[in-house]
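See below for the structure under consideration.
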2 protein chains.
Amino acid sequence: MNAREPRDAAGPGRVRPGGRTARVRDAVRGATLAELAEHGYRGLTVEGVAARSGVHKTTVYRRWGDADGLVADALEIASTEPWPIPDTGTLDGDLRALARLVRDGFADPREGPVSRAFVLAAGQSDAAAHALHRFFARRHEQSAVVVERAVARGDVPPGTDAAEVVRIAVAPLYYRLFVTGEPPDEAAADRAAAAACAAARAGALVP
Amino acid sequence: MNAREPRDAAGPGRVRPGGRTARVRDAVRGATLAELAEHGYRGLTVEGVAARSGVHKTTVYRRWGDADGLVADALEIASTEPWPIPDTGTLDGDLRALARLVRDGFADPREGPVSRAFVLAAGQSDAAAHALHRFFARRHEQSAVVVERAVARGDVPPGTDAAEVVRIAVAPLYYRLFVTGEPPDEAAADRAAAAACAAARAGALVP
DNA sequence: AGACTAACGCAACTTTTGTTGTGTTAGATT
DNA sequence: AATCTAACACAACAAAAGTTGCGTTAGTCT
């Protein structure tokens, strides 16, 4: 076999990280985000990104494969930047701030279409799905601290599944956005957070 | 204006409901479901459905528009058939049965890909999104009775938002399926149901 | 029974999307 | 600074997706 990987098709050029390759990569990534913000996921095409970035379309096809590859790559970047974990002093306050962060992100005219595209792309390509999986694994990990603090305060029973609390706090928002088509308002975010908090307090999330 | 609707592009031919038109419609609908079950949403093409149904592709394009139109139409059918609302005697039992019903549906090799396609299609076309919206509005309506019974029993405070209880019970499953890529098992369904029940009991869902 | 016409089938065409072969460019290596 | 080669640009091509015009078929109406 003699395993050898002369190039990795998707994402950053590891073999030749400097100069032109990096410039092309950044141009394409920037164009991808811009196109997503303007036309949404459904309006994202390889040719559109190629034209906007000034990079030839064959180059984009070779390195990223298709439109979903572009999104998966953009998602990889997004997953590196952390988000502001709230610390309000109460679990309810923290979860509410978290839920509002999610809701506001999707409601934002600029950020919304991009975030939306990440989820939609995951439904289309395995690469995007894996990237999104890693993205959320990281977020759940980062968010766990709000539950740990609540345990330390004696607000919720020890052994409470932190990731599950966060899931229940944000899941109704995604459910409304991507399944039922009921765009969530602030009140919806607050209710979801309150429900997760109540469930955790009642000890329903101790496996 | 003189509003007149000579034909409705998507779905049942209302103008000429008998004979050939109906035969074509049923053949296409059947082929759509079969193709979805076999190849999933991503493998669904207009030409594939046309070939399988024996209907010419031009006809499919004209009546259904595109692949998402086919899914939207199939969804319209699915939303008419009711589902078995459980009655176990307790809110926790009812919600658990409901959540398991959802989970098992997606886990089923035949049913799963079709249900999955319904959600994915909603992310792609407005017609499918609206159809799915109606589908879930109906389901939430039908499911409300389990909460009403719990109120009557004195299990949860009066004024509890029934639809919201159901949303919280099933949302984590959809969240795992379509967002984080963590396929839910039975335990996940039970936890989600338990959390919704605990939140309702605590009075967190009384607006 | 005959006339009417919505809906369908068919073939040819256009557009969009994706691929392949080849020469060129510009970081990297010594 | 001379050499090497991964990565890119370009053009020409191939395949899939979608459209259009027109003749035909089969329910429907009188």
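Naming: A, B, ... by sequence-line order, numbering from 1 per chain. Hydrogens, waters and symmetry mates play no part in the numbers below; they use all other heavy atoms, side chains included.
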Taking [atom1] from [X] and [atom2] from [N], how many angstroms apart are they, rounded to a whole number?
X: Arg25(A); N: dA7(D); atom1: CZ; atom2: P; value: 12 Å
X: Asp66(B); N: dA16(D); atom1: CG; atom2: C1'; value: 15 Å
X: Asp26(A); N: dA7(D); atom1: CG; atom2: P; value: 16 Å
X: Trp64(A); N: dA7(D); atom1: CH2; atom2: P; value: 11 Å
X: Tyr61(A); N: dC13(D); atom1: OH; atom2: C1'; value: 14 Å
X: Arg62(A); N: dA9(D); atom1: CZ; atom2: P; value: 10 Å
X: Leu70(A); N: dT17(C); atom1: CG; atom2: C1'; value: 14 Å
X: His56(B); N: dG18(D); atom1: NE2; atom2: C1'; value: 13 Å

* **Residue whose nearest DNA chain C nucleotide is more 5′ - Thr59(B) or Thr45(A)** => Thr59(B)

Proximal nucleotide (of [options]) relative to the [X] side chain:
X: Glu47(B); options: dA9(D), dG9(C), dG18(D); value: dG18(D)
X: Thr58(B); options: dG18(C), dG21(D), dA7(C); value: dG21(D)
X: Thr21(B); options: dG18(D), dC8(C), dT19(C); value: dC8(C)

* **Carboxylate-amine/guanidinium contact Asp185(B) Arg103(B), below 4.0 Å** => no

* To do: State whether Arg23(A) places a side-chain N or O below 4.0 Å from either non-bridging phosphate oxygen (OP1 or OP2) of dC8(D).
  => no

* **Closest-nucleotide 5' rank along DNA chain D - winner of Val60(A) and Ala67(B)** => Val60(A)

* Structure fact -> Only one of Asp190(B), Thr88(B), Val165(B) passes side chain to side chain contact (heavy atoms under 4.5 Å, CB included) with Leu95(B), and that residue is Val165(B)

Please output the side-chain donor-acceptor pairs of residues 169-180 of chain B that fall under 3.5 Å, not counting sequence neighbours, one pair per line with the distance.
residue, atom, partner, partner atom, Å
Tyr175(B), OH, His140(A), NE2, 3.0
Arg176(B), NH2, Glu164(A), OE1, 3.2
Thr180(B), OG1, Glu182(B), OE1, 2.7

* Structure fact -> Exactly one candidate in His130(B), Arg29(B), Arg134(B) meets side chain to side chain donor-acceptor pair (under 3.5 Å) with Glu76(B); the answer is Arg134(B)

* To do: Check Phe106(B) against Ser115(B) and note the closest heavy-atom contact, atom names and distance.
  => CE2-CB, 3.6 Å

